[in-house]
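Structure, as structure tokens:
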Amino acid sequence: MTIKFSKDHEWINAADANASVVGITVHAQDALGDVVFVDLPEVGKSFAQGEVAGVVESVKAAADVYMPVTGEVVEVNEALRADPSLANSDPLGAGWFFKVKLADASQLDALLDEATYAEFAKNA
């Protein structure tokens, strides 16, 4: 599994460049608390790396979900829309947010690997 992390606390699994999976990290959902609502992007919409692609709201706060790479949204997680708590219970699995078709796979190189992200998150 090829998972990379952004400094905005998103993860991307780029095993399939045509449908790379994006979600929020364990650190992000810990900081947010109980997630009660997600605003997912529209399928077919393209976003630049770093652009706001969605919103996650918890009982404590609301946070933007940033696009970790430039690309087009090809699928959203309707199960997450129906049950936002999946972002808490399984943030790296069933709690994924959307899938994106990568416009430039080389952007993945600038993202953090798991060990580097873990160190970054400790100080975030």
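Side-chain atoms are counted along with the backbone in the values below, which use heavy atoms only and exclude waters and symmetry mates.
In this structure, Leu111 CG and Glu10 CD are separated by 10.0 Å, a value rounded to the nearest 0.5 Å. With values rounded to the nearest 0.5 angstrom, Leu92 atom CG is found 10.0 Å from Asn13 atom CG. In this structure, His9 NE2 and Phe120 CZ are separated by 4.5 Å, a value rounded to the nearest 0.5 Å. Between the CD atom of Glu51 and the OG atom of Ser46 there is a distance of 9.5 Å, given to the nearest 0.5 Å. Going from atom CG of Leu86 over to atom CZ of Phe97 covers 10.0 Å, rounded to the nearest 0.5 Å. In this structure, CG in Asp104 is found 9.0 Å from CG in Asp109, a value given to the nearest 0.5 Å.
Under a hydrophobic-cluster definition in which Ile, Leu, Val, Met, Phe, Trp and Tyr are linked whenever side-chain heavy atoms come within less than 4.5 Å, directly or via other members, Val52 and Val35 are assigned to different clusters. A continuous path of hydrophobic side-chain contacts links Leu40 to Met67 [ILVMFWY only; heavy atoms under 4.5 Å]. Placement of Ile24 and Val26 in two distinct hydrophobic clusters is found when ILVMFWY residues are connected by side-chain heavy-atom separations under 4.5 Å, directly or transitively. Hydrophobic clustering (ILVMFWY, side-chain heavy atoms < 4.5 Å, transitive): Leu102 and Val43 are in one cluster. Under the 4.5 Å side-chain contact rule for hydrophobic residues, Val56 and Val76 share a cluster.
Here the side chain of Trp96 pairs no donor or acceptor atom with the backbone of Val22 at under 3.5 angstrom. Panel note: side chain Gln107, backbone Thr70; a donor-acceptor pair is recorded below 3.5 Å. Judged by distance alone, the side chain of Asn77 and the main-chain N or O of Gly95 form no donor-acceptor pair under 3.5 Å. Judged purely by atom type and a 3.5 angstrom limit, Glu72 has no side-chain atom pairing as donor or acceptor with the backbone of Lys45. Panel note: side chain Lys7, backbone Leu112; no donor-acceptor pair is recorded below 3.5 Å.
For Glu78, the salt bridge (charged side-chain N to carboxylate O under 4.0 Å, His left out) partners at least two apart in sequence or on another chain are Arg81. In terms of the salt bridge (charged side-chain N to carboxylate O under 4.0 Å, His left out) criterion, Lys4 has no residue partners (sequence neighbours excluded).
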Problem set entry | Chi angles and distances behind the side chain to side chain contact (heavy atoms under 4.5 Å, CB included) call for Ile12, Leu108 | CA-CA 9 Å; Ile12 182 167; Leu108 295 166; 4.0 Å; yes
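One side chain, Thr25 or Tyr117, offers a donor N or O that lies under 3.5 Å from an acceptor on the other. Using modelled atom types, one finds a donor on one side chain and an acceptor on the other under 3.5 Å when comparing Asp113 with Thr116.
For Ala121 against His27, the heavy-atom pair with the smallest separation is O-CE1, 3.4 Å. Of all the heavy atoms in Lys60 and Leu32, the pair that sits closest is CE-O, 3.3 Å.
A 4.5 Å side-chain heavy-atom check between Glu42 and Val73 finds every atom pair outside the cut-off. Annotation: side chain of Phe47 is in contact with side chain of Pro41 (closest heavy-atom distance under 4.5 Å). In this structure, Val36 and Pro84 have side chains that are not in contact, with every pair of non-hydrogen atoms separated by 4.5 Å or more.
Partner Phe98 forms a side chain to side chain contact (heavy atoms under 4.5 Å, CB included) with one of Leu80, Val65, Val38 and no other, that one being Val65.
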